[in-house]
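Report on the structure given below.
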Amino acid sequence: MKAFSYWNFQLLGLVPVVLGAIHDLFVGNLFPPASIHALEFNDETNSFKLVHSYSVTSATSIKLTKSIAAAGVCSNTTSAFIGAMSSEPFYAFSASWPGPNSCGMSFSVDGNGSLVQVTDSWKYAETSGVHGLALNERDGRQLIYSADLSADLLWTHVVNKTSGKVKEVSRLAMRSSGMHPRHLAAHPNGKYLYVLMEKDNSLAQFELDPNTGAALRESIRLLLIPTDADTELYWSAEVMLSHSGRYLWATARAQRDKAITGYISVFLLGEDGQIIKRMFRIPTTTVGGWANAISPAFWSDEYAAMTDYPEGYVQMFKMEGRLETKDGVEYTTARPVARVNITDGGCCANVLWYS
Ligand SMILES: *[C@@H]1O[C@H](CO)[C@@H](O)[C@H](O)[C@H]1NC(C)=O
Ligand SMILES: *[C@@H]1O[C@H](CO)[C@@H](O)[C@H](O)[C@H]1NC(C)=O
Ligand SMILES: *[C@@H]1O[C@H](CO)[C@@H](O)[C@H](O)[C@H]1NC(C)=O
Ligand SMILES: *[C@@H]1O[C@H](CO)[C@@H](O)[C@H](O)[C@H]1NC(C)=O
């Protein structure tokens, strides 16, 4: 469950300028008990620790300001993802999972970033199950990209920033069915969208229409597991951009019951967002079967936190082997530098960087 994203906290106006060596993170549980854990990472000593756990049903210094029931065509549905605009009016968006008949919702927020109401709801296709959303604003136009895992479609919607109403721009079929687009990331320059294919264990780059923002065509596809690996033993997980937009982190999970590990790949992007090359692919330390959700830090390009379920931990990776090249700064690998075990049986879903 993506109960939180970085943008949720950003819209709450809580993300401070980061100058110190101590960073705060939150990680939510994937399964009961419903908990949020607060972690603290020191980027000088690599000390990484659990500082507090919160039950979602009570409030300590995390305050539950509002909860809103799914409404409109989404009544009585559950969601796997929520994200919010990074500028005013800071609407939040969710999509229902697991489908079928997946739907989406937009939510307005108040001046503090607290949710106000459902401003619109929309349907995908009968066969749809949407697992991931990516948001991008380009030339004043707010776009939503939806990864429809079940129907093998990539959807583009546009948001009316006055009303919060959402309109379909296009739907694009994947090159072959059964690839299962799961999560995606949009480059801020609006030229490229990166889509992680869960079943195909690949990452695809799509070109975007310069006028409408619609996803047009796949231009690059790269495997997230070794070419000689059995693709049936993996299901790829997460793709996210680094802070500068020059690196793309993507992960593959090994299937839960297999005694093998997943993989982390990091790609170098050009200034326009074009994938230049894979810098490296490293195995994860455990199976990572239901998680391997990578979350790059927003205060540095070099760090990313990654979760594991069922073992229940958060691990910090740091890129190493910095090289200045004609294409920009490259790295030769990443290494796990710290780990926090959270063995309450439900941890860990997604990490949100707070500072
Ligand atoms: C909501 O969904 C649940 C699970 O599918 C179902 O048991 C319940 O009857 C539904 N409630 C309404 C009001 O549709
Ligand atoms: C924001 O939060 C403060 C403190 O809780 C409250 O006094 C204020 O009314 C809130 N403003 C809005 C627009 O909700
Ligand atoms: C956006 O919504 C506003 C308020 O409902 C409406 O006046 C306007 O025409 C809409 N814009 C577009 C492009 O549909
Ligand atoms: C976390 O758990 C693993 C596996 O049980 C153990 O090897 C490791 O020492 C633990 N790490 C910490 C920091 O407690």
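Just so you know, ligand 1 is whichever comes first in the structure, and atom 1 is the first atom listed for that ligand. Each residue takes its place number in the sequence, starting with 1. Since the model is a prediction, treat every value here as computed from it, not as a measurement.
In this structure, atom 11 (N) of ligand 4 is in close contact with the protein, since a protein heavy atom lies within 4.0 Å of it. The nearest protein heavy atom to atom 2 (O) of ligand 3 is closer than 4.0 Å.
Side-chain contact, His37 with Ser53: a donor N or O sits under 3.5 Å from an acceptor N or O.
Side-chain contact between Tyr263 and Thr251 is absent, with no heavy-atom pair separated by less than 4.5 Å. No side-chain heavy atom of Trp155 sits under 4.5 Å from any side-chain heavy atom of Ile144.
Nearest protein heavy-atom contact of atom 5 (O) of ligand 3 is Ser163 CB, 3.7 Å. Of all protein heavy atoms, the one closest to atom 8 (C) of ligand 4 is Asn341 ND2, 3.8 Å. With hydrogens left out, the protein atom closest to atom 14 (O) of ligand 3 is Asn160 ND2, 3.6 Å, a heavy atom. Distance from atom 13 (C) of ligand 4 to its nearest protein heavy atom, with residue and atom name: Arg339 O, 3.6 Å.
For the pair Arg253 and Glu238, the salt-bridge criterion is not met [side-chain N within less than 4.0 Å of a carboxylate O].
The hydrophobic cluster containing Leu233 also contains Leu223, counting ILVMFWY residues as joined when their side-chain heavy atoms lie under 4.5 angstrom apart, directly or transitively.
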